[in-house]
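In what follows, a single structure is set out as structure tokens and then discussed.
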Amino acid sequence: MNLQDVWKKLEVEKLEVARPSPLNPWAIKSKHPVAKLKEAYKITTLFSVVFLIGFIVLFFLFDQMLVKLGLAATIVGYIFFFVTNFNMYRKIKAEFPVESDLKSVLTHTYTFITSNIRFQERTALFIYPIAGAAGFLMGGASAGADPEAFIQKPVVVAILVVFLIIATPLCWLLARWLYRISYGVCLAQLKELIDELEKPLPATNLPG
């Protein structure tokens, strides 16, 4: 497939995913997968801001030092996610000049986004236990307990460890599912276009 054919395919409506819904708000109505990926990063950035504001509010609602330390670490993690997603949104080029090396640009975009998603998934494995521990301590504080006192009880520590062992992989799997519904379809479409660009051009019969 030549450059012009691929460029036309980038613009056709059949590459659109389903309409946005409560289960899949990332289903962006756009003309080509790169633009949809860029828009998905914009939405993810907004979600990061919402969660970040929520954790900041909680930080000022609790006076217990252990709770504040857990929330502060969680806030740092979400600042990281916000900066990462916002930088990705800025760096993704949704418009390409037709005369550019389209295959190289699309391949770079695909590799860049795939690597970023894997990096965020691995980083989240360190943040989820911290956020889970902060939530556990907030629950105790909300019930009127002193976090610094009850965290010293072996049974409480055991419950916390079991909770984190169960909650961390569940949160990670949920995050992977969210990444798939927000980026997976568009990445698959982008990979399909790259594969088509790699196909050899059909032979042309020249007169004589």
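One-based numbering along the sequence shown. Hydrogens, waters and symmetry mates play no part in the numbers below; they use all other heavy atoms, side chains included. No experiment lies behind these values; they were computed from the predicted model shown.
- Heavy atoms of other residues, nucleotides or ligands lying less than 6.0 angstrom from CZ of Phe51 number 12 at most.
- The two atoms that bring Cys186 and Pro33 nearest to each other are O-CB, 3.5 Å, heavy atoms only.
- Tyr41 approaches Gln120 most closely through the heavy-atom pair CE2-NE2, 4.2 Å.
- The two atoms that bring Val67 and Pro147 nearest to each other are CG2-CG, 4.0 Å, heavy atoms only.
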inquiry  = One pair to check against side-chain contact (heavy atoms from CB on, under 4.5 Å): Ile113 and Met88. What are the steps and the verdict?
reply    = CA-CA 8 Å; Ile113 294 176; Met88 289 292 293; 3.9 Å; yes
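- Applying the side chain to side chain contact (heavy atoms under 4.5 Å, CB included) test between Asn87 and each of Thr84, Asn85, Val83 identifies Val83 as the sole match.
- Geometrically, Lys38 engages Tyr89 in a cation-pi contact defined by less than 6.0 Å to the ring centre and at most 45° from the axis.
- In this structure, Lys68 forms a cation-pi arrangement with Phe59, its terminal cationic atom sitting closer than 6.0 Å to the ring centre and no more than 45° off the ring axis.
- When side chains are defined from C-beta on, Pro169 does not count as touching Tyr128, because their heavy atoms never get closer than 4.5 Å.
- Between Phe136 and Phe150, the ring-plane angle classifies as tilted under the 30° and 60° cut-offs.
- Scanning both residues, Leu37 and Leu190, for their nearest heavy atoms gives CD1-CD2, 4.0 Å.
- The number of heavy atoms from other shown groups lying within 6.0 Å of CZ (Phe112) is above 12.
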